[in-house]
Amino acid sequence: MRIADLIMEKILLNRVHLENSRSIEVYLAHEGYEGLKKALAMTPKEVTEEVKKSNLRGRGGAGFPAAMKWGFAAADPNTPKYLLCNADEGEPGTCKDRQIMEGDPHELIEGMIIAGYAFGAEFGYIYLRAEYPRLVGILETAIAEAGEKGFLGRGILGSDFNFTIRVHRGAGAYICGEETALIESIEGKRGQSRIKPPFPVNVGVFGKPTVVNNVETLSNVSHILRKGGKWFAGIGPEKCPGTRIVSLSGHVERPGYYELPMGVTFREVIYEHGGGIRDGKALKAFIPGGASAPCLTSQHLDVKMDYDSVAAAGSMLGSSALMVMDETTCMVKVAERLTRFFVHESCGKCTPCREGTDWLLKLLQRIEGGQGKEGDLDLLGEICDNISGKTFCPLGEGALGPVRGTLKYFEEEYREHLRLKGCPLKAGIGNS
Amino acid sequence: MSTIKITFDDKMYETEPGLTVIQAADRLGVFIPRFCYLEKLSPLGGCRMCLVTLKGVPKLQTACTTPAKDGMEIITRSEEIHKARKAMLEFQLAQHPLDCFYCDKATECDLQDLTYLFADIEHRYDFPPHKRGTVYENRLIERNLERCVHCERCIRVCGEIQGAHAVNATKRGRVTEMREVPGGGECQYCGHCIDVCPVGANLDRLFTYGGRPFQMEMGDSICPYCGCGCTVSLNMRDEKLVRVRPGVDTGVNKGSLCARGRFGWGFVHDPARLTRPLIRKEGKFVEAGWDETLLYVATRLEKIIKEKGPGVVGGIGSVRSTDEANYLFQRFLRTVIGSNHIDSSARLNYAAALAGWLGTKEDAREATFENVREAHRVLVIGADPLETNPILGLAIKAMQNRGGTLWITDPRVTLTTRLSNRHFPISAGAEVPLILALARAGLKDPSLSEFRDTDLAARTGLSSEDLAELAAFLEEDAAKTVILAGRGVTQAPFGATAISLLLRLAATKGASYLFTLDKNNERGSCEMGVLPDRLPGLAPLSEKARFEKAWGGRIPETPGYSAYEMLQAAREGKLSALYIMGENPLVDFPDTKFVEEALGSLDFLVVQDLFRTRTASMADVVLPAASFAEKSGSFTNLEGRVQRFPSLIPTEEGVRADARILVELSRKMGKGFALKNIASLRAEIDSLVPMNGTRRKLEVMGPPLSLPGAEMHWGPGEDPDYPYVLLLTSSLYRNGSMSNRAVGLKKAQQKACVLLNEGDAAVLKTGEGDKVMLISKYGEIQVGVKLCHEIPGGTLQMPEGFSDANPKSLLPHELDQVSRTPMARFVRVKIRKI
């Protein structure tokens, strides 16, 4: 048994350790679909109010209040309405949604049905990351099971509410995790972000009101309905309650996924749950929320893990993918590797992201390779400024996180690369 | 209309609501740079050049995606904005190959212009650029991947306006490439992606290194191909055409062109152009001077008239030539020769529509392109505008983009049926019973009572429900409904009657109508009196007195022969001489064998043309004529719009414009026209046929048209010896001898092919690309096979207009008794494998 399991009662992952946890029988034996039954006894508006009371914020990264989105979509007279579950989990280092879908798919499905009921959607799509092929069968089996038991389909549990769910496989583009690009992709188009406004809640997939929620967000919904919004609001910080599944990776003793209440400190996550830095080395930096979050350092270990606290520390919580780096890590290499990801994933639609990230990468490769020129650091900064605030969608802005974060805290390490004409952390360079 | 107040750089403006910031700025003359924004396309927001500041909004915003709202304060010039735009330019230039020296877009390039404007751009990118080269997957459009600025204009124009979806983005990020994608749409060679490209990424392969703009002269003309009458900008270098582009958002085409318009100009400078008159002497053509030749023609014609009278001379005017030349042609025939035997290949289509129009008492509204664009519903009967009149096709697409609905009834599978929201696949030759059924439903006319709905339904091959739906389609929203009819109706027996019924239906319901016309001046040649029974302005022969007065000669009283009647008369020895101006009946008329025999029976044949066509090869005298680019005049488009154009290229020595040839010949025959120049010719025409705006005032009527008998049946019938029904189609890439000599169109499609159902192909043991012989009772041709799963078994489809395989030689030439138009939509054939 892992330490995390001893510390608190889990919400999202409280069934995944059970035998046959995916099956609907096990799910039903552990309070499964109780939330849905309760929801169907309420009006859709009451359901939305209950979730509003819980103060559930989106777990995709932006932290937008979930119930507010539902309210917007419900208010639009256009029909049919669509619920899209964003299961494109593409942020490097993130593996939280996968645990839910793999271990407890009905938790997600129940949440989707309730959400659909709340804002009047009859159709739901799970937009599944292409790299999760095994989950297609798991989800489709669960959807079929739910249908057989009358939780999906026409007249759910004797009500006049109809809801169906389809699994749509992505084609392998990071940008499709952005909600409008995801919508384009479901429509069969090239994954590129759309102009906003109009917002998806009014003009979304197939031109209809659409809510896009993350897997983790939706998976909380059945619990909120079952135990009440007030209960949920009482977990963790007031502004951002609930738990978070942290995907912990990097140089820690026990990498893995941990469901923890919002508001725990990074020190606790890394040193208690993660067992500290591996091989007794010292912490150099950590990235608190996926590839696009600027890195933080040991001075930030006591920052609380919630959206607002992390933002105040100059980074972002994003998908709660916590990547830890020890003292042997070259931060220029880190920036280079992460920027390479963004260059590969830039869709190419807007100039600053397409051209700027490519340029950043070449400069980083040059510096890391020992061919950096005087002025390259200023140029890095200026290119970041020229990209910042001018890109079409958040991808370009996100691509700046690794460069800006490492430049902010490790400028000296960059300078050393220039001075030594190579990486000081590589054997042989800088030792003479 | 209410207006909104917005402020640009502290200056207040009033403008219409519903615009984006960049649209408002463009209308008000406020400069905002851009690469991806283009008024006619949906906004992209990709290039980020149009960044502006909205007061109260912290981040810069793109002007192309921001709606302009009342009270908005916009800053377009500030240090921050300048820096941001400069940064975007530096990004664009980072890996742009600076190969302007040999880029065809140089000096017409937005990237050059904006860089020049910003001037102080640093070029700090010091890495080798991605080498991605140029792709030549498109036969007419070069795609230079390195010069691309990723504005996606080509993708949007191809999808949104052309509806072809042939260009798309492949790969992503920095290495995104705009190119033809396997499994994407098929390029229709409109070349619109070339025009909208802000840089030299999409280029005209016919133009490559054709010249710099300052080395070229440019002038607007009217496209010589179809009845749309698009405005084309001819680009000449050293008095030779090097490129054709659409007029800048002018004309009926509003900046669009089709493959023929843009890439079909090659015939103008084709080495096969005739440059010397030819006289047949002892069976062989001999070059001769103009004086000598015209004198020879005059002498021969005078001799024939003297011996047999003027009634043995006929003339075929031109659906290709100008209104002015056609006017002179019929005046020449009528007053100099003294014959009403005047017709043109408009007989194959527009003349029948005209008979229907003349025979209709009700006044139906004729639609314009604009009406089609703004319509809510379009019903197409027996036409394929996407192939025959592509720019009208674009108007239909635009209508659909605005939410409109296209329904079509056609036995064939065509580009238009594929585009339609609903296709009613009627039986071959069923257009007339279909219209009878619609007329019965929509007109409470007792004279239609002898028809039975179930009979008509059975003949159309549609269910009664389908027919009821079609009838209901015309009942609703009629003011925004346009009916389009084409050769499927005009080339059917009682086609003129059917047209008349359609016009009555349109008039009764309040819908408007339009005819698709394949040739550029079908309408103009008819309106100029190139008809056996009508004078200019479609005046009946009973009004001949005022024309005689104007022309100073006598006009015969009785109507002359129509085209096929002339050919029949020639076979019977009743017609001895024929003067053909700019037509090629041996290729363009159905029943080639019949036409050939008729022409062979003549004593004297004069052909005036650009080329030594098959018809010209049979002539006694061939007169080399000028192309549209070398003469001035007007064409009348399918809406009836009379469009003038200037002569832009000097004629080669030895080539003369049609009008000049006719004037000189009239002099040689001693009855010279007193015309000084084109202006005096126009004045004469205007005095006889007054204009009403851009159209001619035509206040004429014809005899009412008789209805077919209830037992009337027209279709391919059954014939076990000829088991297949060949349906004729039109092709975007060919419609006659000019297109067959245009290198661009030959590149777009080399050869004609026959579409064959896959099941039939299996039975015949033939496959894609195999050659087969199509044999009808009237002729045989060899053609390559293309498999098609959409067309029903037992049916073949083949385009007209290709010189390598002409399905018209398979057709009969049975004439409709009313319009005297040959019925030429289908024929029964058998297939022999070669």
Side-chain angles (χ1 to χ4, degrees), chain A residues 171-176 180-181 188-198 207 340-366 371 373 375-376 378-380 382-393 395-397 399, chain B residues 20 35-36 42-51 53 57-62 64-67 80-81 83-96 122 124-130 148-152 155 159 165 168-178 181 184 403:
Chain A
Y174 172 69
I175 185 64
C176 291
T180 60
K189 298 175 189 155
R190 180 180 166 86
Q192 286 189 335
S193 303
R194 285 184 181 174
I195 293 168
K196 290 191 275 193
R340 184 139 48 96
F341 170 78
F342 288 108
V343 170
H344 184 252
E345 294 298 345
S346 169
C347 79
K349 174 170 175 161
C350 78
T351 310
C353 178
R354 179 185 68 243
E355 306 288 338
T357 55
D358 185 69
W359 195 351
L360 285 177
L361 175 63
K362 285 176 176 161
L363 285 168
L364 290 166
Q365 285 172 333
R366 172 155 96 188
Q371 283 97 47
K373 294 181 184 172
D376 276 2
D378 293 341
L379 191 50
L380 278 178
E382 269 190 59
I383 295 171
C384 287
D385 292 346
N386 285 345
I387 297 173
S388 182
K390 298 167 196 75
T391 58
F392 185 88
C393 82
L395 193 153
E397 200 69 40
Chain B
T20 58
F35 287 114
C36 68
S42 66
L44 181 83
C47 74
R48 319 307 279 178
M49 270 310 280
C50 67
L51 291 168
T53 300
V57 181
K59 277 194 346 184
L60 296 177
Q61 301 292 315
T62 42
C64 68
T65 61
T66 307
E80 183 194 14
I81 292 167
K83 189 167 177 287
R85 290 176 181 167
K86 243 175 70 177
M88 295 311 117
L89 265 177
E90 188 184 12
F91 283 143
Q92 290 287 18
L93 289 166
Q95 301 194 45
H96 187 90
E122 292 172 84
R124 296 176 291 183
Y125 182 90
D126 56 357
F127 298 91
H130 282 292
C148 177
V149 291
H150 302 79
C151 68
E152 299 188 21
I155 299 177
H165 301 280
N168 216 327
T170 63
K171 307 188 190 167
R172 67 180 177 227
R174 180 67 197 90
V175 292
T176 305
E177 296 174 352
M178 315 301 167
V181 191

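To find a chain, count down the sequence lines: A is the first, B the second, and so on, and within it residues start at 1.
- Within the 4.5 angstrom heavy-atom criterion, only backbone atoms of B:Val149 (N, CA, C, O) approach chain A.
- Classification of B:Asp126 and A:Arg366 as a salt-bridged pair holds, one side-chain N sitting under 4.0 Å from a carboxylate O.
- Using a 4.5 Å cut-off between heavy atoms, B:Gln92 touches chain A through backbone and side chain atoms alike.
- Under a 3.5 Å cut-off, the side chain of B:Arg48 and the backbone N or O of A:Pro352 do not form any donor-acceptor pair.
- For the pair B:Leu44 and A:Phe392, the minimum side-chain heavy-atom distance is 4.5 Å or more.
- Residue B:Met88 comes nearest to A:Asn386 through the heavy atom pair CE-O, 3.4 Å, listed as atom of the first residue, atom of the second, then distance.
- For B:Pro43, the parts sitting under 4.5 Å from any heavy atom of chain A are the backbone and the side chain alike.
- Comparing A:Cys353, A:Ser193, A:Ser346 by heavy-atom pairs within less than 4.5 Å of chain B, the highest count is held by A:Ser346.
- In this structure, A:Glu397 has no salt bridge (charged side-chain N to carboxylate O under 4.0 Å, His left out) partners at least two apart in sequence or on a different chain.
- Note: B:His130 leads B:Gln61, B:Met49, B:His130 in heavy-atom pairs under 4.5 Å with chain A.
- Nearest approach of A:Gly348 to B:His150, heavy atoms of both residues: O-CB, 4.0 Å.
- Residue B:Lys171 touches chain A through its backbone alone, counting heavy-atom pairs closer than 4.5 Å.
- Heavy atoms of A:Glu345 lying under 4.5 Å from chain B belong to its backbone as well as its side chain.
- Counting heavy atoms from C-beta outward, A:Glu382 and B:Glu90 have side chains that stay 4.5 Å or more apart.
- In this structure, no portion of A:Ile175 lies under 4.5 Å from any heavy atom of chain B.
- The distance from the CZ atom of B:Phe91 to the CD1 atom of A:Ile383 is 6.0 Å, given to the nearest 0.5 Å.
- Using a 4.5 Å heavy-atom threshold, the side chains of B:Thr176 and A:Arg190 count as touching.
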Between A:Asp385 and B:Lys83, does a salt bridge (Lys or Arg N to Asp or Glu O under 4.0 Å) hold up when you go through it step by step? CA-CA 10 Å; A:Asp385 292 346; B:Lys83 189 167 177 287; 5.5 Å; no
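- Going from atom CG of B:Leu93 over to atom CD of A:Glu355 covers 9.5 Å, rounded to the nearest 0.5 Å.
- Heavy atoms of B:Tyr125 lying under 4.5 Å from chain A belong to its backbone as well as its side chain.
- With a threshold of 4.5 angstrom between heavy atoms, B:Pro128 approaches chain A through N, CA, C or O but not through any side-chain atom.
- Contacts of A:Lys373 with chain B are made by side-chain atoms alone, with heavy-atom separations under 4.5 Å and no backbone atom involved.
- Ranking A:Gly191, A:Cys350, A:Gly375, A:Ser388 against chain B, the residue ahead of the rest is A:Cys350, based on heavy-atom pairs under 4.5 Å.
- With values rounded to the nearest 0.5 angstrom, B:Arg174 atom CZ is found 12.5 Å from A:Leu361 atom CG.
- A donor-acceptor distance shorter than 3.5 angstrom exists from the side chain of B:Arg172 to the backbone of A:His344, with no hydrogens or angles considered.
- Contact annotation for A:Thr357: neither backbone nor side-chain heavy atoms come within less than 4.5 Å of a heavy atom of chain B.
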